[in-house]
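Working notes for the structure below.
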Protein chains: 2
Amino acid sequence: MIQLWVIEDHPEMRQAYYELINSAEDMRCAYSFSNCEDAIQELSTGHHPDIILLDIGLPGMNGIEGITVMKSIAPMVKIIIQTVYEDSDKIFRAICAGAIGYILKQSSSEKILEAIRETEAGGSPISARIAVKVLSIFSKFHIPENNYGLTAREKEILHLLVEGFTNVQISKKIFLSPHTVGTHIKNIYSKLQVHSRSEMVAKALKENLI
Amino acid sequence: MIQLWVIEDHPEMRQAYYELINSAEDMRCAYSFSNCEDAIQELSTGHHPDIILLDIGLPGMNGIEGITVMKSIAPMVKIIIQTVYEDSDKIFRAICAGAIGYILKQSSSEKILEAIRETEAGGSPISARIAVKVLSIFSKFHIPENNYGLTAREKEILHLLVEGFTNVQISKKIFLSPHTVGTHIKNIYSKLQVHSRSEMVAKALKENLI
DNA sequence: CAAGAAATACCGCAAACGCGGTATTTACTC
DNA sequence: GAGTAAATACCGCGTTTGCGGTATTTCTTG
């Protein structure tokens with residue numbers, strides 16, 4: 001029996017979700033709240049459900065803050081977000097805050113029940129239209145295979161440089177003379193077109209050369 | 001009418017997908033290939049479908065390379081990946097390469113058809129179990145508001161340090177004595193618990209202190 | 001106002017770095 | 001087998017850093 005709570009400010013919607021969930025024989029909605037604050041108070045008493053169905057765009061404390069607080073009180077609780085918004089930034093923040101599912105409000109009753117079951121089974125239900133946004137955020141992290149023509153040895157040394165080792169420490173670590181390490185670093189500098197370790201480390205991390 | 005191609009190395013599976021798609025009255029599978037190379041050759045002639053259903057884990061050219069090549073020939077083609085793997089790294093690479101959907105091979109026929117329709121409608125169908133991995137990659141970008149108690153001045157200097165300026169350059173830029181800059185850096189070091197610029201820059205970038 | 005935090009400034013010295021060289025050995029390619 | 005790229009090693013010198021101090025001024029806050 002999957003235990004659920006619903007947080008939703010529209011009374012009719014709240015009632016609709018409550019009834020939908022309780023109509024399924026494998027799940028039960030114990031409480032429905034009109035805002036995050038009430039749910040947090042109830043969580044504080046030690047009770048907690050398996051899954052919380054959360055409407056984003058609530059009055060008072062916003063949904064994303066709510067997720068953060070609820071996850072800090074009851075980290076095991078899985079939060080499925082329901083939204084009318086398809087704003088990339090909101091989605092990104094919600095995911096970072098720890099939401100596990102993200103479905104559109106116009107989803108059908110079957111989709112909602114399915115999403116709950118998928119969540120219970122360890123999955124992350126995400127509406128296709130939301131997923132587009134999620135993937136588009138991802139593609140920004142696309143790595144433009146810019147090796148700058150670094151050789152294997154240079155990459156190895158770059159790794160150690162990023163970890164903050166000095167030339168001498170590196171030379172001992174990879175059994176080279178400190179002079180050789182210096183030469184490699186000189187070459188890395190000229191390939192990356194930088195003139196200091198800080199710049200190099202910054203470039204390596206920003207462009208995922210590590 | 002949604003035009004599809006299928007790329008799948010198992011003959012029975014290939015045939016099954018082919019028939020499944022053609023059994024739906026709103027879509028049509030024109031070609032089915034056993035490998036990416038053949039599909040790429042056909043793409044090169046100028047023909048292309050709306051959507052390609054691609055099996056990942058193909059012989060010869062691997063699926064991810066395949067996506068990259070196909071997207072370069074026909075950028076408008078939407079690629080849905082089918083996989084048995086749930087490997088985060090593979091998923092990440094496929095998304096970066098430009099795949100738009102990601103569904104598990106054990107998905108039901110209805111789910112597959114639904115995924116195709118969602119893709120055509122501009123969505124990104126992602127199986128709940130795959131989405132878990134996607135979101136877990138995301139949560140790594142979670143910013144743990146860890147200021148380490150840095151003051152505004154220290155943050156300002158940290159910014160400049162990450163950009164690779166020397167103490168003297170910084171002192172000129174913000175109208176301070178080089179000694180003062182040195183003092184601030186000493187303090188930053190002790191707050192971040194690092195002992196070199198490289199370490200500091202790495203920590204600042206990795207933990208989004210910048 | 002008194003206390004404390006932050007920002008400012010200065011000193012000195014050992015260690016490390018940045019960069020200009022040169023040169024040999026190894027390995028892969030044509 | 002000649003040619004090239006990579007990895008290796010060494011030198012020297014001026015600059016920069018890292019870190020141990022101390023100390024004054026400003027700002028905030030109880």
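Note on naming: letters A, B, ... go to the chains in the order of the sequence lines (proteins, then strands), and numbering restarts at 1 for each one.
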Give a yes or no on this: more than 12 heavy atoms of other residues, nucleotides or ligands lie within 6.0 Å of atom [atom1] of [X].
X: B/Q41; atom1: CD; answer: no
X: A/M76; atom1: CE; answer: no
X: A/Q193; atom1: CD; answer: no

Nearest-Å distance for atom pair [atom1]/[atom2], residues [X] and [N]:
X: B/H179; N: C/dC10; atom1: NE2; atom2: C1'; value: 5 Å
X: B/M200; N: D/dT17; atom1: CE; atom2: C1'; value: 11 Å
X: A/L176; N: C/dT26; atom1: CG; atom2: P; value: 15 Å
X: A/E199; N: D/dT16; atom1: CD; atom2: P; value: 14 Å
X: B/H195; N: D/dT17; atom1: NE2; atom2: P; value: 18 Å
X: A/Q193; N: C/dG18; atom1: CD; atom2: P; value: 17 Å
X: A/L160; N: C/dC17; atom1: CG; atom2: P; value: 13 Å
X: B/L161; N: D/dG18; atom1: CG; atom2: C1'; value: 13 Å

For this session: List in numerical order all residues of residues 151-159 of chain B for which some heavy atom is under 4.0 Å away from an atom belonging to DNA chain C.
Result: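 When residues 151-159 of chain B is checked for heavy atoms under 4.0 Å from DNA chain C, the hits, listed by number, are B/T151, B/A152, B/R153.
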Exercise. Ion pair present between B/R153 and B/E156, side-chain N to carboxylate O less than 4.0 angstrom?
Worked result: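 Looking at B/E156 together with B/R153, the answer is yes, because their closest N to O distance falls below 4.0 Å.
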Exercise. Is it true that A/K105 and A/E8 make a salt bridge, defined as a side-chain N closer than 4.0 Å to a carboxylate O?
Worked result: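 Yes, A/K105 and A/E8 are salt-bridged.
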Exercise. Hey, which of B/F33, B/Y17, B/Y18 is the one that makes ring-ring contact (aromatic ring centres under 6.0 Å, His included) with B/W5?
Worked result: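 Of the listed options, the one satisfying the test is B/F33.
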For this session: Name the residue closer to the 5' end of DNA chain C, choosing between B/F175 and A/V194 according to the nucleotide with the nearest heavy atom.
Result: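 Closer to the 5' end of DNA chain C: B/F175.
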Exercise. Closest heavy-atom contact between B/H47 and B/T45?
Worked result: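 Taking B/H47 first and B/T45 second, the nearest heavy atoms are ND1-OG1, 3.2 Å.
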Exercise. Which atom names give the shortest non-hydrogen contact between A/L104 and A/S127, and what distance separates them?
Worked result: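 Closest heavy-atom pair between A/L104 and A/S127: N-OG, 3.1 Å.
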Exercise. Where along residues 180-191 of chain A does a heavy atom fall under 4.0 Å from DNA chain D?
Worked result: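 Those residues whose heavy atoms fall under 4.0 Å from DNA chain D, taken from residues 180-191 of chain A in numerical order, are A/T180, A/T183, A/H184.
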Exercise. With no hydrogens and no angle check, do the side chains of B/H179 and B/S177 hold a donor and an acceptor under 3.5 Å apart?
Worked result: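 No, no side-chain donor-acceptor contact under 3.5 Å.
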